[in-house]
There are 2 protein chains.
Amino acid sequence: MNQALICPRFEKAMSIMSQRWTGLVIYQLLTGPKRFCTLESSMGISGRVLSERLKDLEQQGIVKREVYPETPVRIEYSLTDQGMALEPVLREIEKWSQEWLPAE
Amino acid sequence: MNQALICPRFEKAMSIMSQRWTGLVIYQLLTGPKRFCTLESSMGISGRVLSERLKDLEQQGIVKREVYPETPVRIEYSLTDQGMALEPVLREIEKWSQEWLPAE
DNA sequence: TTATGCTAGTTACTTTATGTAAGTAATTAT
DNA sequence: ATAATTACTTACATAAAGTAACTAGCATAA
């Protein structure tokens, strides 16, 4: 009955990364700040969920939201250092997909 | 309107890894073959979903299912080479969680 | 021989998460 | 005054996940 316990920090990380869309949002932000509508149209995510994810990621300290009061207003989402630190994770997924998944 | 397209293989990999529980199941199998009931009780996953995930992962070629007709029957799930190749992904998530998430 | 237990699931039903489409608010262009 | 743009939100529908009870096959216990 003795189970090897899973480290709570790792479990937390997995719960973040295994939410639908989260990984792709971070991946898109690796190449620089992006606006809401850019993210929305570049992946197939709905505005409802994108808005939810960005709020979560901001609260978690992974994403930063910045408002530029131009006209029309420009709001940019970018990665914090904590968010940037996820790059190796995404790169490893990228590598795996190239090696093991069929093209096309 | 010109969007950088996301590589379909990467998208596929993300859709696998961002399903709830998938990462944790693979993580548990990194330490060797496990039975259904062991997986079920070591993570908080429900039998219904575990059964679904294992079937998916088997079909994807990530997990292998082996039946030992003992009594009671023993069925073991383990990682294929393709599945083992995901280890670096999980290790990077582990590293990130240790560096960036608060203990406790 | 009926009952109990074990493993590996499945089934029916409930709750939660996500998708869809329309709407809002602020601002500028026509 | 109307339309357009950005960044959302809201109400409602569908899909995914959780819960708890159930099944099947076999073995041991009462």
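When reading the values below, keep in mind they use all heavy atoms of this one structure, side chains included, and skip hydrogens, waters and symmetry mates. Order of the sequence lines fixes the chain letters, A, B, ..., with proteins taken first and strands second; residue numbering starts at 1 for each chain.
In this structure, the CZ atom of A:Phe36 is 14 Å from the C1' atom of C:dT24, given to the nearest Å. In this structure, A:Glu40 places its CD atom 9 Å from C1' of D:dC8, rounding to the nearest Å. When rounded to the nearest whole Å, the span between CD of B:Gln19 and C1' of D:dA15 equals 12 Å. Atoms CZ (B:Arg65) and P (C:dA8) sit 9 Å apart, rounded to a whole Å. Regarding B:Ile45, its CD1 atom lies at a distance of 11 Å from the P atom of D:dT19, rounded to whole Å. C:dA8 atom P lies 14 Å from atom NZ of B:Lys55, rounded to whole Å. In this structure, A:Arg48 places its CZ atom 11 Å from P of D:dT10, rounding to the nearest Å. When rounded to the nearest whole Å, the span between CG of B:Asp56 and C1' of D:dA16 equals 12 Å.
At the heavy-atom level, B:Tyr77 lies under 4.0 Å from the strands shown only through sugar-phosphate atoms. Counting non-hydrogen atoms under 4.0 angstrom, B:Thr71 reaches the backbone sugars and phosphates but no base.
Remark on DNA chain D: of its neighbouring residues B:Gly44 and A:Pro72, the 5'-side contact belongs to A:Pro72, judged by nearest-heavy-atom nucleotide. Mapping B:Arg35 and B:Gly47 onto DNA chain C via the closest heavy atom, the residue that lands nearer the 5' end is B:Arg35.
Side-chain N/O atoms of A:Ser51 include none lying less than 4.0 angstrom from OP1 or OP2 on D:dA7. For D:dG18, the OP1/OP2 oxygens have a side-chain nitrogen or oxygen of B:Trp21 closer than 4.0 Å.
Looking at A:Lys55 and A:Glu58, no side-chain N of the basic residue comes within less than 4.0 Å of a carboxylate O on the acidic one, giving no salt bridge. Under the 4.0 Å criterion applied to side-chain N and carboxylate O atoms, B:Glu11 and B:Arg9 are not assigned as salt-bridge partners.
Judged by distance alone, with hydrogens and angles left aside, the side-chain atoms of A:Lys64 form no donor-acceptor pair with the main-chain N or O of A:Ile62 at under 3.5 Å.
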With salt bridge (Lys or Arg N to Asp or Glu O under 4.0 Å) as the test, would you mind laying out the steps for A:Lys95 and A:Glu99 before giving the verdict? CA-CA 6 Å; A:Lys95 272 195 231 168; A:Glu99 274 185 59; over 6 Å; no
